[in-house]
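What follows is a single structure, written as structure tokens, with notes after it.
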Amino acid sequence: MASERIPGRPRALSGIQPTAGSFHLGNYLGAVRQYVALQETHDAFYMVVDLHAITVPQDPAELRANTRLAVAQLLAAGLDPERCTLFIQSHVPEHTQLGWLMNCITGFGEASRMTQFKDKSAKQGADRATVGLFTYPILQVADILLYQADAVPVGEDQRQHIELTRDLAERFNGRFGPTFTLPQAYIVREVAKIHDLQDPTAKMSKSAASAKGLVNLLDEPSVSAKKFRSAVTDTETVVRFDEKDKPGVSNLLTIHSALTGTGIAELEEQYAGKGYGALKTDVAEIFVAWVTPFRERTQEYLGDPETLDAVMAKGAEKARAVAAETLAAAYDRIGFVPAKH
Ligand code: ATP
Ligand code: MG
């Protein structure tokens, strides 16, 4: 099946890891919501990146379950397999194949500068970090370049990896001739970094040391509501957006604004003289109202394995058509002898 670009539509590509059962609010606001929006304007490819998940230890049964759960959550969030290509990374072998080529044009020092590796290896203890964790940004480069993506919707933590992607695409194109599109990060500034509710200077993360500040979409809503009500703020009482001096309050305002569409300035006015308690209770309620149908939809998709399997099979087929074409071009440019069929 030859792939064809949809005229007038730029390509978008992104991925999410099945490293935990549930997505968290940072994943949704920072990334997944943009995936849904870009279906309307882009020829969009979204994948569950199981190859990336195994860069840290995973239990096989849990990984399998979490991968299916990730697909169910993406559908529940609004991805429509008729309007985008939704697939599992390991179903498309071209990712690891192009990943190898990218490994071979990346400098060791260049890879060593990736801050995500530094953060993640520090969390586990440097001795336990795998070579896979070290090279995962390079696999991510291949993920993006295979689809000739123009836009990559991600959170702020991924900006450096998109820069690496551009550098390697330019290097390959320069050495071997034009092959890859140079992608741009698609980062929505306001929601690019949702913070942990207990440690409001840190990013909300699936792999946070403590779950107390982590808002999981599939948790019992009453559990999340409680987390919002006990969110860390500051010793003032004024509801004001100030990321530097009031990171906790600013984070709550960001979440409120993102879920209701109300501007920050308007919210500051709304909460003038009301104090933090009212803001926390309202954000808790707004979240619960949004997440309740999301959880129901996720359970519906999970309860229909045939549909889930069909979505994954169709997605893999569509993705492979594009990926195979790009890989063949890259193999040719680099000087590999074509295999005879
Ligand atoms: P892990 O801690 O295992 O890396 P994660 O929470 O970072 O998990 P990923 O699957 O790595 O989740 O990331 C999926 C997408 O969510 C990426 O585009 C990432 O930039 C975005 N993202 C992750 N955390 C946040 C956050 N706190 N705020 C905004 N976007 C986020
Ligand atoms: Mg991450």
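Both counts, for ligands and for their atoms, begin at 1 and track the order of listing.
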Could you tell me the residue and atom name of the protein heavy atom closest to [atom], and the distance to it rounded to 0.1 Å?
{"atom": "atom 30 (N) of ligand 1", "answer": "G26 O, 3.2 Å"}
{"atom": "atom 16 (O) of ligand 1", "answer": "N27 ND2, 3.2 Å"}
{"atom": "atom 28 (N) of ligand 1", "answer": "I194 N, 2.9 Å"}
{"atom": "atom 15 (C) of ligand 1", "answer": "A31 CB, 3.7 Å"}
{"atom": "atom 10 (O) of ligand 1", "answer": "K206 NZ, 2.6 Å"}

Task: Neighbour count above 12 (heavy atom, 6.0 Å) for Q184 CD - done: no
Open item on the list: Could you check whether atom NZ of K212 has more than 12 heavy atoms from other residues, nucleotides or ligands sitting under 6.0 Å from it?
Closed with: no
Side-chain ([X]) to main-chain ([Y]) donor-acceptor, under 3.5 angstrom:
{"X": "T85", "Y": "P81", "answer": "no"}
{"X": "Q73", "Y": "L217", "answer": "no"}
{"X": "N251", "Y": "P200", "answer": "no"}

Are [Y] and [X] an aromatic pair, judged by ring center distance below 6.0 Å?
{"X": "Y147", "Y": "F87", "result": "yes"}
{"X": "F134", "Y": "F108", "result": "yes"}
{"X": "F23", "Y": "Y28", "result": "no"}

Under-4.0 Å heavy-atom contact with ligand 1, by part of [X] that carries it:
{"X": "T19", "value": "side chain"}
{"X": "H195", "value": "neither"}
{"X": "A192", "value": "backbone"}
{"X": "H24", "value": "side chain"}
{"X": "K193", "value": "backbone"}

Open item on the list: In the structure I gave you, are the side-chain heavy atoms of L279 and K274 within less than 4.5 Å of one another anywhere?
Closed with: no
Open item on the list: Measuring only between side-chain heavy atoms, which start at C-beta, is L98 closer than 4.5 Å to E94?
Closed with: no
Task: cation_pi(K280, Y276) dist<6.0 Å, angle<=45 - done: no
If you measure every N/O of [X] against every N/O of ligand 1, is any gap under 3.5 Å?
{"X": "P153", "value": "no"}
{"X": "I16", "value": "no"}
{"X": "G15", "value": "no"}
{"X": "G155", "value": "yes"}
{"X": "Q17", "value": "yes"}

Open item on the list: Looking at ligand 1, would K120 count as a contact under a 4.0 Å heavy-atom criterion?
Closed with: yes
Task: Heavy atom of V191, distance to ligand 1 below 4.0 Å - done: yes
Task: Short N-O contact, E300 and R297, less than 4.0 angstrom - done: no
Open item on the list: Show me which atoms of ligand 1 lie under 4.0 Å from any heavy atom of G30.
Closed with: 29 (C), 30 (N)
TODO: Using a strict cut-off of 4.0 Å, indicate which atoms of ligand 1 neighbour a heavy atom of Q158.
DONE: 20 (O)
Task: Heavy-atom nearest neighbour of atom 25 (C) of ligand 1 within options K123, K203, Q34 - done: K203
TODO: Ignoring hydrogens, just give me the one of D157, V215, L29 whose non-hydrogen atom is nearest atom 20 (O) of ligand 1.
DONE: D157
Task: Closest approach of T179 to R333 (non-hydrogen atoms, all atoms of both residues) - done: OG1-NH1, 3.0 Å
